[in-house]
Amino acid sequence: IQINPILQKGYTISFNVSPAQFYDSYFIIDIIKFVKNSSINPAILQIEVTENILMSDTVNVISTCNKLTEFGINIAIDDFGTGYSSLAYLKKIPVHLLKIDASFIKGIPDNRDDVEIVKTIVLLAHSLGKKTIAEGVETKEQLAFLTGLGVDEAQGFYFSRPMPLNQCIE
């Protein structure tokens, strides 16, 4: 993959990591080796992990997250609010971003419960010094409402459907 055009524009490269990858003892070594060999600034990388990964084997998870963040790689909790969240883990695990699950975005701005859940997640994240991303934004109304709530970033079909890398770079 040629990522130089992406690097020149200051974008973040975000990717999901499976539980098997995250628990692999060579995972950190492989990521750091790749970053060093490709001369990528680790600060542009963001690893997305689900709540379920973070909730199991706490000692190793915290250790892995600490090593990645010490190297400069950001960590995001994907699909936040859909698993069995523990607020205590938000204090212990060095995550930088909470990705609000699309299931809560879908009903915005009309569904009162979705609105209150998203408001609460944004307030919680910002109070802890973390950013938020709303997943699954499909309409202008959703984007305007989420912006008004203070959501930091948004992604979804409103902006673009999935596309091949070469089209994305263009």
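Since we're looking at a predicted model, the values are computed, not measured.
- Under the salt bridge (charged side-chain N to carboxylate O under 4.0 Å, His left out) criterion, the residue pairs touching residues 113-122 are E116-K119, with sequence neighbours excluded.
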Using the side chain to side chain contact (heavy atoms under 4.5 Å, CB included) rule, take D110 and E141 through it: C-alpha gap first, then chi angles, then the decisive distance, then the call. CA-CA 10 Å; D110 301 321; E141 293 75 25; over 6 Å; no

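- Inter-residue side-chain proximity for I47 and F15 is flagged as met; some heavy-atom pair is nearer than 4.5 Å.
- Taken from CD in Q46 to CD1 in I73, the straight-line distance is 11.0 Å, to the nearest 0.5 Å.
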Show the numbers, then the answer: is there a side chain to side chain contact (heavy atoms under 4.5 Å, CB included) between L97 and N74? CA-CA 8 Å; L97 189 128; N74 295 306; over 6 Å; no

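- Between F104 and N111, every side-chain heavy-atom pair lies at or beyond the 4.5 Å cut-off.
- D24 places no side-chain N or O within 3.5 Å of a backbone atom of A20 that could act as its donor or acceptor partner.
- Note: I105 CD1 to I133 CD1 = 11.0 Å, rounded to the nearest 0.5 Å.
- Atom CD1 of I31 sits about 10.0 Å away from atom CZ of F22, to the nearest 0.5 Å.
- Inter-residue side-chain proximity for V122 and I100 is flagged as met; some heavy-atom pair is nearer than 4.5 Å.
- Taking hydrophobic clusters as Ile, Leu, Val, Met, Phe, Trp and Tyr residues chained together by side-chain heavy-atom distances below 4.5 Å, L45 does not share a cluster with I29.
- Listed by chain and residue number, nothing satisfies the ring pair (Phe, Tyr, Trp, His ring centres under 6.0 Å) test with F145 (two or more places apart in sequence, or in another chain).
- Residues E138 and Q142 come closest through the heavy atom pair N-OE1, 2.7 Å.
- Residue L98 holds its CG atom at 10.5 Å from CG of D78, rounded to the nearest 0.5 Å.
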Could you give me the CA-CA distance, side-chain angles and deciding distance for Y23 and N60, then say whether side chain to side chain contact (heavy atoms under 4.5 Å, CB included) is met? CA-CA 8 Å; Y23 297 133; N60 286 332; 5.8 Å; no

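- Here the straight-line distance linking atom OG1 of T64 with atom CD1 of I28 works out to 4.0 Å at 0.5 Å rounding.
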How far apart are the C-alpha atoms of F71 and K36, what are their side-chain angles, what is the distance that settles it, and do they pass the side chain to side chain contact (heavy atoms under 4.5 Å, CB included) test? CA-CA 10 Å; F71 185 67; K36 286 181 177 178; 3.8 Å; yes

Residues 150-160 side chain polar contacts: donor-acceptor under 3.5 Å, at least two apart:
| unit_1 | atom_1 | unit_2 | atom_2 | d |
| --- | --- | --- | --- | --- |
| D152 | OD2 | H126 | NE2 | 2.8 |
| D152 | OD2 | T132 | N | 2.8 |
| D152 | OD2 | T132 | OG1 | 3.3 |
| Q155 | OE1 | K99 | NZ | 3.3 |

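- Without hydrogens or angle criteria, K130 side chain to V95 main chain gives a donor-acceptor distance under 3.5 Å.
- Between the CG atom in D79 and the CD atom in E135 there is a gap of 5.0 Å [rounded to 0.5 Å].
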